[in-house]
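Below: one structure, written as structure tokens.
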Amino acid sequence: MPELPEVEVVRRGLERWVAHRVVAGVEVLHPRAVRRHVAGGDDFTHRIEGHRIGVPSRRGKYLWLPLEETGQAILAHLGMSGQLLVQPVTAPAEKHLRIRVGFDDGLGTELRFVDQRTFGGLSLHDTTSDGLPDVIGHIARDPLDPLFDDDAFHRALRRKRTTVKRALLDQSLISGVGNIYADEALWRTRVHYERPTAGFTAPRTAELLGHVRDVMNEALSVGGTSFDSLYVNVNGESGYFDRSLDAYGREGLPCRRCGTPMARRPWMNRSSYFCPRCQRPPRASS
DNA sequence: CATATGTCCTGTATGC
DNA sequence: TGCATACAGGACATAT
């Protein structure tokens, strides 16, 4: 569920409610939630306790909480169904509560990682000189990062022998884009998801990047996208961008540009939504 | 039974 | 033939 806008909403919540607090205790309730921490749950717990959390950062769909004066950070990925919630310590445990982080202050709240499918998780890693956790060095800058290199992205697209939606979802080319925002940006650009990237012109790439940025910023301004209570901010509240989606989930509904019924195709274990008239498939594609 | 918003691993193909 | 690289497809866990 969570793509860049949803993760950024969570990051902002953590900045407000968790930054600068000192960890008192950590409880790992499900080993799969810390599987990326190779040394195990006990090691994860002991290394965090007693340290102060800095200002949360994000790249693409990854976010991390620096641990001051350790050169390390708690890295989080929400996977398909993960949530980071700030809850009253007295609140009953969620059904899929996986990790609990308590603080040494009297604020009465704690940080909880809740995840139905446990595709996501937390782990602790050394940070490199730029503050990035070392294990996400392969993740490209995201399109809202001021240092994202539009021209390098275009050249990378031209080099690839793949199709445009695959490229948008390739986190080593551009990070933060998932299935929903890929379909939205492609609809706005009037490009079919199976269009080969090798033929992209510089203006076409620039237009696509512009739409990726626009749709993400619009989603961010209304708190992200959520179809049910699965995606929420740290206070458990849903965003409203689902009301503004033009492509995703609109199979059979009229295209908001031309009125043609929107189509859905199975694609990589999920779905691609597009307008069959505005987004013509390339040759030999259905 | 089909579907699910992500990432990573593995097998295969390709080219030097 | 050996090796490196790029790419596509599937595994992962659980719910609706």
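To find a chain, count down the sequence lines: A is the first, B the second, and so on, and within it residues start at 1.
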- Item | Donor-acceptor pair under 3.5 Å, A:Arg117 side chain vs B:dA4 base | yes
- Message: Assess whether a salt bridge exists between A:Asp43 and A:Arg47, defined as any Lys/Arg side-chain N lying under 4.0 Å from an Asp/Glu carboxylate O.
- Response: yes
- Message: How many whole angstroms separate atom CG of A:Leu75 from atom C1' of B:dT7?
- Response: 12 Å
- Item | Between P of C:dA13 and NZ of A:Lys95, the distance in whole Å | 17 Å
- Are A:Asp105 and A:Arg21 ion-paired here, with the side-chain N under 4.0 Å from a carboxylate O? yes
- Message: Heavy atoms only, 4.0 Å cut-off, all strands: where does A:Arg35 land among base, sugar-phosphate and nothing?
- Response: nothing
- Item | Nucleotide forming a Watson-Crick or wobble pair with B:dC1, both distances under 3.5 Å | none
- Task: Could you check how far CH2 of A:Trp267 sits from P of C:dC7, rounded to whole Å?
- Result: 14 Å
- Item | Separation of C:dG10 C1' from A:Met268 CE (nearest whole Å) | 10 Å
- Item | Closest to the A:Phe119 side chain, choosing from C:dC12, B:dC8, C:dC7 | C:dC12
- A:Tyr181 side chain near B:dT5 phosphate (N/O to OP1/OP2, under 4.0 Å): no
- Message: Taking pairing as Watson-Crick or G-U wobble with both contacts under 3.5 Å, can you name the mate of C:dA6, or confirm there isn't one?
- Response: B:dT12
- Members sharing A:Leu107's hydrophobic cluster (side chains within less than 4.5 Å): none
- Considering only heavy side-chain atoms of A:Arg32, the closest of B:dT3, B:dT7, C:dC12 is C:dC12
- Query: Less than 4.5 Å apart, any side-chain heavy atom of A:Arg100 and any of A:Arg112?
  - Reply: yes
- With the side chain of A:Thr162 defined as its heavy atoms from C-beta on, choose the nearest nucleotide among C:dA8, B:dG6, B:dA4. C:dA8
- B:dG6 P sits how many Å from A:Asp183 CG, rounded? 10 Å
- Spatial distance of atom SG (A:Cys255) from atom CD (A:Gln279) [nearest 0.5 Å]: 7.5 Å
- Counting just side-chain N and O atoms, does A:Lys61 come under 4.0 Å of either OP1 or OP2 of B:dT7? yes
Under 3.5 Å, sequence neighbours excluded: what are the donor-acceptor pairs made by side chains of residues 130-142 of chain A?
unit_1	atom_1	unit_2	atom_2	d
A:Asp130	OD1	A:Thr128	OG1	2.5
A:Asp130	OD1	A:Leu132	N	3.3
A:His138	ND1	A:Val135	O	3.4
A:Arg141	NH1	A:Asp145	OD2	2.9
A:Asp142	OD1	A:Leu144	N	3.0
A:Asp142	OD1	A:Asp145	N	3.1
A:Asp142	OD2	A:Arg58	NH1	3.0
A:Asp142	OD2	A:Gly60	N	3.0

- Where the side chain of A:Glu3 is defined as all heavy atoms beyond and including C-beta, which of C:dA8, C:dA15, B:dG6 is the nearest nucleotide? B:dG6
- Nucleotide nearest A:His77 (side chain, heavy atoms from C-beta), chosen from B:dA4, B:dC8, B:dG6: B:dG6
- When you measure from the side chain of A:Arg270, which nucleotide among B:dA4, C:dC7, B:dC8 comes out closest? B:dA4
- Is the shortest side-chain N/O distance from A:Ser81 to OP1 or OP2 of C:dA15 below 4.0 Å? no
- Whole-angstrom distance between B:dA2 and C:dG10, as gauged at atom P: 15 Å
- Query: In whole angstrom, what separates A:Leu78's CG from B:dT7's C1'?
  - Reply: 13 Å
- Note on the structure: Sorted by number, residues from residues 166-175 of chain A placing a heavy atom under 4.0 Å from DNA chain C are A:Arg166
- Item | Interatomic distance where CD belongs to A:Glu251 and P belongs to B:dA2 [whole Å] | 16 Å
- If only side-chain N and O atoms of A:Ser271 are considered, is one of them under 4.0 Å from the OP1 or OP2 phosphate oxygen of B:dA4? yes
- Geometric cation-pi criterion A:Arg11 and A:Trp64, 6.0 Å radius, 45° cone: no
- Query: Would you say A:Tyr273 and A:Leu245 make side-chain contact, with heavy atoms under 4.5 Å?
  - Reply: no
- Query: CZ of A:Arg159 versus P of C:dA6: gap in Å, rounded?
  - Reply: 9 Å
- Query: According to a strict under-4.0 Å criterion, is A:His96 in side-chain N/O contact with OP1 or OP2 of C:dT14?
  - Reply: no
- Provide the closest heavy-atom pair for A:His20 versus A:Arg52 in the form atom of the first, atom of the second, distance. O-NH1, 3.1 Å
